[in-house]
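Just below is one structure, and these are the notes that go with it.
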2 protein chains.
Amino acid sequence: MTTAEEIQRHAEGALSNPSAVGLVAVIIAATDGEPRALTVQVGSQAKGRSDGLPAGPLVPEHPTLERGLRAWVERQTHQRLGYVEQLYTFGDRDRQGDDAGGLHSLSVAYLALVREVRTGGLAEASWRNWYRYLPWEDWREGRPESLGEIETKLLAWAEQATDPKLRRRREDRLGLTFGLCGGAWNEERVLERYELLFEAGLIPEAQGQCGEASESDLAITGQPMALDHRRVLATAIGRLRGKIKYRPVVFELMPPTFTLFQLQRTVEALSGTNLHKQNFRRLVAQQGLVEETDDVTSGATGRPARLVRFRREVLLERPAPGFRLRPARRPA
Amino acid sequence: MTTAEEIQRHAEGALSNPSAVGLVAVIIAATDGEPRALTVQVGSQAKGRSDGLPAGPLVPEHPTLERGLRAWVERQTHQRLGYVEQLYTFGDRDRQGDDAGGLHSLSVAYLALVREVRTGGLAEASWRNWYRYLPWEDWREGRPESLGEIETKLLAWAEQATDPKLRRRREDRLGLTFGLCGGAWNEERVLERYELLFEAGLIPEAQGQCGEASESDLAITGQPMALDHRRVLATAIGRLRGKIKYRPVVFELMPPTFTLFQLQRTVEALSGTNLHKQNFRRLVAQQGLVEETDDVTSGATGRPARLVRFRREVLLERPAPGFRLRPARRPA
DNA sequence: CGGCACAATGCTCAGATTGAGCATAAGTGA
DNA sequence: TCACTTATGCTCAATCTGAGCATTGTGCCG
């Protein structure tokens, strides 16, 4: 068969080899300076329940992938979505769980940012601090305690490799992702860190355990999620952490008016690091990302803060910048 | 049905509503300072042939999406792939061409970067300068001629809108993407520009015409491609232009040793802009992206240039930087 | 009412990074 | 040898960054 014919048969070929396609949503909000993801309860009484992300199959009624996703999310969580972007398509046969008899099982994942947290709606949908699932990613209070134990186990895992080349490779990855062996922590490598932990056997999902974790596990390797949803969440966080640096997406998470410090707290919540306050506001001011309102906060202690709003016009302006994050070196 | 049950039926639901899934590859190389994409001939004598991207259906034999892609590409083009990353999943029902009777038609697109251009292999696979398909994206010789006519037509399209709000919206988009109405050109917005042209009716594929373009059309709106492959190509270019700024991916396109100027030419080819020579080499040197070899070029005119090689170690180092592109203001 | 604690906001300053250009070096071909 | 071409070295002003000190409004507490 020639190449041309082959490609011509593309559609027919695909028709005779169809696949199951699912849609998954990572829906993010930030309230009270905490980053949250919308979760639902997955599983049955018998098999055990676990946290999962809103998801559903793609059905022919959906005109587009994104519309299908919105439909599922609204049905399962009563949450309407604003900003939505495609995240990644997970399609490996080796995903644990559902190997559907020769069929591929694809999941097209989306990232959504929403403003308000309406806990109303189904009781089964609830907002959870995302660091519950990935506790080692939160450096706002300094280096997370749990990283000590994680590192010990990871180093042991690297040692396990008998082939020196493989061992070297593992150590390199540890340095690259967890900052071990002289590397630095890069807050964007969320997925790579998760996958390393997964390979090292520190993630219960690898053995098909997605339910409630023990107290100690929860503090160290975090709460498991259904299927590979924790991987999807990690992908979303990494993407978002990268994106806030060059696109003004944080504002999708903010209320109509807010203070610069609330904005900073939100950025810090997402990136998992602390920022230098004065420099942060200088940056925001210079970039012209916000405009002042006539209002100020009141009631709280300390000098009232000016309320500002996002300048929608910047979406039409030149480089449409985000935040370059310079962590404030925290005094030990 | 409760949410939990709904999610539980996810897999079964998907099974009864399967979709056709295809794989598409944008394979990029850069030789002689030109960016090229690997294309194949699609279509039949009867229906007319056109350029397309290597593609094929996902079949159960493929263990993962990426492996399936590699298999198709090697079969169709005899090209082995090195660096591969997932690009985007195109799934809109409104893709022209194949509305497969109630089935969705998904395409999972990948971006691949390869080093050598072996034209050997199938005659039907050939390397094409990517600006053949998107001529307005090449600003290396200054502002492309064809942009004059394109702008005229785009402005006319914006004018067409009777609803003032819609008109305003269209003008905003023109400013944002094509730098009209006071905006600036952002070389990363390749896809947005293509989609704008598509909506404005300047892209023949919108009417299902993918064959050979007339001489004049070719110079202005570029050579069409099969199906929505030009959209996929635009997505790939935009992604790559963004990525070279913060990851050292250009080196995937370079031979084992090369001169700094060759490297610059490659970056310029990808980004479609010119760079300031001295500053470019300062940047590369500072970032420690390359190390010198003992060899120099010979034979060409001018002072011989030192040959350098990529420092693989940087992949393990801290921010693993790319190039921040500062276009050289070209003298009028 | 005066002073205090607290958060917001203003301002400074040295060091690093950029954008742009001039100057020099080292080959080729005539 | 000269003319020409490209590579490479170096300078300099403008700007950007990281870090910290200083000042300004508020609520609260004697």
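A, B, ... follow the sequence lines: proteins, then strands. Residue 1 opens every chain. This structure is a prediction, so every number in the text was calculated from the model and none was measured.
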Problem - Distance, rounded to the nearest Å, where Asn274(A) contributes CG and dA19(D) contributes P - result: 13 Å
Exercise for the section: Look at atom CD of Glu291(A) and say whether more than 12 heavy atoms of other residues, nucleotides or ligands are closer to it than 6.0 Å. Expected result: yes
Handout entry: Rounded distance (Å) that lies between atom C1' of dG18(D) and atom CD of Gln286(A)
Key = 13 Å
Problem - Given DNA chain D, 5'-ward residue of the pair Asn279(A) and Thr301(A), judged by closest heavy atom - result: Asn279(A)
Fill in the blank from the handout: Between the CG atom in Leu174(A) and the CG atom in Leu154(A), the distance rounded to the nearest 0.5 Å is 5.5 Å
Handout entry: Backbone of Gly288(B) reached by a side-chain donor or acceptor of Arg311(B) within 3.5 Å
Key = yes
Problem - Sidechain N-carboxylate O distance under 4.0 Å for Glu137(A), Arg193(A) - result: yes
Problem - Distance in angstrom units between Lys277(A) NZ and dG10(C) P, rounded - result: 12 Å
Problem - Proximal nucleotide (of dT8(D), dT9(C), dG19(C)) relative to the Arg282(B) side chain - result: dG19(C)
Completion exercise
Assert: residue with more 5' nearest nucleotide on DNA chain D, out of Leu307(B) and Gly302(B), is Gly302(B)
Practice task
Starting at atom CG of Leu283(B), determine the distance to atom C1' of dT18(C), rounded to an integer number of angstrom.
Solution key: 10 Å
Problem - Distance-only donor-acceptor test (3.5 Å): side chain Arg303(A), base dT24(D) - result: yes
Practice task
Select base, sugar-phosphate, or nothing to describe what Gln278(B) touches, counting heavy atoms under 4.0 Å on all strands.
Solution key: base
Problem - d(NE2, His276(B); C1', dG9(D)) in whole Å - result: 13 Å
Practice task
Tell me what Arg306(A) touches on the nucleic acid: a base, only sugar-phosphate, or nothing, going by heavy atoms under 4.0 Å.
Solution key: sugar-phosphate
Exercise for the section: Could you list the residues that satisfy salt bridge (Lys or Arg N to Asp or Glu O under 4.0 Å) with Glu85(B), not counting sequence neighbours? Expected result: Arg239(B), Lys243(B)
Handout entry: Passing option when Arg140(B) is tested against Glu34(B), Glu187(B), Glu268(B) for salt bridge (charged side-chain N to carboxylate O under 4.0 Å, His left out)
Key = Glu34(B)
Practice task
Output the residues of residues 255-265 of chain B in contact with DNA chain C, where contact means a heavy atom of the residue under 4.0 Å from an atom of the strand; sort by number or write none.
Solution key: none
